[in-house]
Amino acid sequence: QVQLVESGGGLVQAGGSLRLSCAASGRTFSGYAMGWFRQAPGKDGEFVAALSWNSFSTYYADSVKGRFTISRDSAKNTVYLQMNSLKSEDTAVYYCAAVRTRTQVLVGLRYDYWGQGTQVTVSS
């Protein structure tokens, strides 16, 4: 079993930056692909970014490509989402997710473990 806890959300002005963290516990997340998703009020959840188990591959939604970066620190069992040039439309609850797989194909992964989410609010 993997437990995921997000942190780092908050209120930021448009154009600013935030770094979200997702700490995994329960077992090492070696061998797990990691993802970030978000859900804005009144909207369906959407994929944001994914990272392969060995960090060789990444995949981003078009809406965040070039602005967001996903990374991991395996020694700390933590995955990050660096968010730059934030826009009001990035306002959402952000969730991290994990799935045990060594695939480098990150499109369409079905995640088994989810965190509770952290709120990101971007003021315009």
Side-chain angles (χ1 to χ4, degrees):
Q1 189 76 8
V2 174
Q3 291 83 42
L4 304 173
V5 178
E6 302 94 338
S7 62
L11 175 64
V12 63
Q13 288 189 331
S17 298
L18 279 176
R19 189 178 78 159
L20 305 184
S21 299
C22 174
S25 62
R27 61 173 61 188
T28 176
F29 71 173
S30 172
Y32 285 80
M34 303 297 293
W36 285 96
F37 292 77
R38 66 187 182 186
Q39 186 166 21
K43 296 187 177 181
D44 293 335
E46 65 171 342
F47 167 80
V48 175
L51 180 68
S52 63
W53 71 279
N54 56 4
S55 300
F56 283 4
S57 299
T58 58
Y59 178 56
Y60 296 94
D62 288 343
S63 58
V64 307
K65 201 171 295 182
R67 300 188 298 122
F68 290 11
T69 303
I70 187 171
S71 63
R72 73 199 299 159
D73 184 335
S74 295
K76 295 182 178 179
N77 264 10
T78 300
V79 66
Y80 303 100
L81 185 68
Q82 178 67 44
M83 306 186 295
N84 299 328
S85 302
L86 282 162
K87 306 174 181 179
S88 58
E89 51 263 45
D90 295 319
T91 294
V93 178
Y94 284 71
Y95 301 88
C96 72
V99 58
R100 186 174 177 85
T101 179
R102 297 190 177 225
T103 183
Q104 299 297 318
V105 179
L106 302 175
V107 177
L109 285 180
R110 298 175 70 88
Y111 293 83
D112 296 320
Y113 304 100
W114 294 83
Q116 294 299 308
T118 186
Q119 175 71 48
V120 172
T121 303
V122 184
S123 63
S124 56

Exercise. Looking at side-chain heavy atoms only, is the closest gap between E89 and S124 below 4.5 Å?
Worked result: no
Exercise. Can you tell me how far CD of Q39 sits from CG of D44, rounded to the nearest 0.5 angstrom?
Worked result: 7.0 Å
Exercise. What's the shortest heavy-atom distance between L81 and A49, and which atoms?
Worked result: CD1-CB, 4.2 Å
Exercise. Is any side-chain N of the basic residue among D90 and K87 closer than 4.0 Å to the acidic one's carboxylate O?
Worked result: no
Problem set entry | Close side-chain approach of V120 and R38, heavy atoms under 4.5 Å | no
Exercise. Under the 6.0 Å and 45° cation-pi test, does R19 pair with Y80?
Worked result: yes
Problem set entry | Value rounded to 0.5 Å, distance of CG in N54 from CZ in R72 | 8.0 Å
Problem set entry | Y32 vs V2, side-chain contact (heavy atoms from CB on, under 4.5 Å): CA-CA, chis, key distance, verdict | CA-CA 10 Å; Y32 285 80; V2 174; 3.6 Å; yes
For this session: Report yes if some heavy atom in the side chain of L86 is under 4.5 Å from a heavy atom in the side chain of L18; otherwise report no.
Result: yes
Seminar exercise, completed: With sequence neighbours left out, the residues meeting side-chain hydrogen bond (donor to acceptor under 3.5 Å, both in side chains) with N84 are S17, Q82
For this session: With Y113 as reference, evaluate M34, Q1, Q3 under the side chain to side chain contact (heavy atoms under 4.5 Å, CB included) test and give the passing residue.
Result: Q1
Seminar exercise, completed: Output for pair (S21 OG, D73 CG), nearest 0.5 Å, gives 10.0 Å
Exercise. Can you tell me if T78 uses its side chain to pair, donor with acceptor, with the backbone of K76 under 3.5 Å?
Worked result: yes
Problem set entry | Residue pair V12 / T121, side-chain heavy-atom distance below 4.5 Å | no
Exercise. Should L11 and S123 count as side-chain neighbours, where that means a heavy-atom distance under 4.5 Å?
Worked result: yes
Seminar exercise, completed: Between F56 and S52, the two heavy atoms sitting closest are N-OG, 3.1 Å
Exercise. Tell me, do W53 and Q104 make a side-chain contact under 4.5 Å, heavy atoms counted?
Worked result: yes
Problem set entry | Close side-chain approach of W36 to E6, heavy-atom, < 4.5 Å | yes
Exercise. Would you say the side chain of M83 lies within less than 4.5 Å of the side chain of R67, judging by non-hydrogen atoms?
Worked result: no
Seminar exercise, completed: Value for CG (L4) from OG (S25), rounded to nearest 0.5 Å, stands at 7.5 Å
Seminar exercise, completed: Under a side-chain separation threshold of 4.5 Å, the hydrophobic residues clustered together with V107 are F37, F47, Y59, V93, Y95, V99, L106, L109, Y111, W114
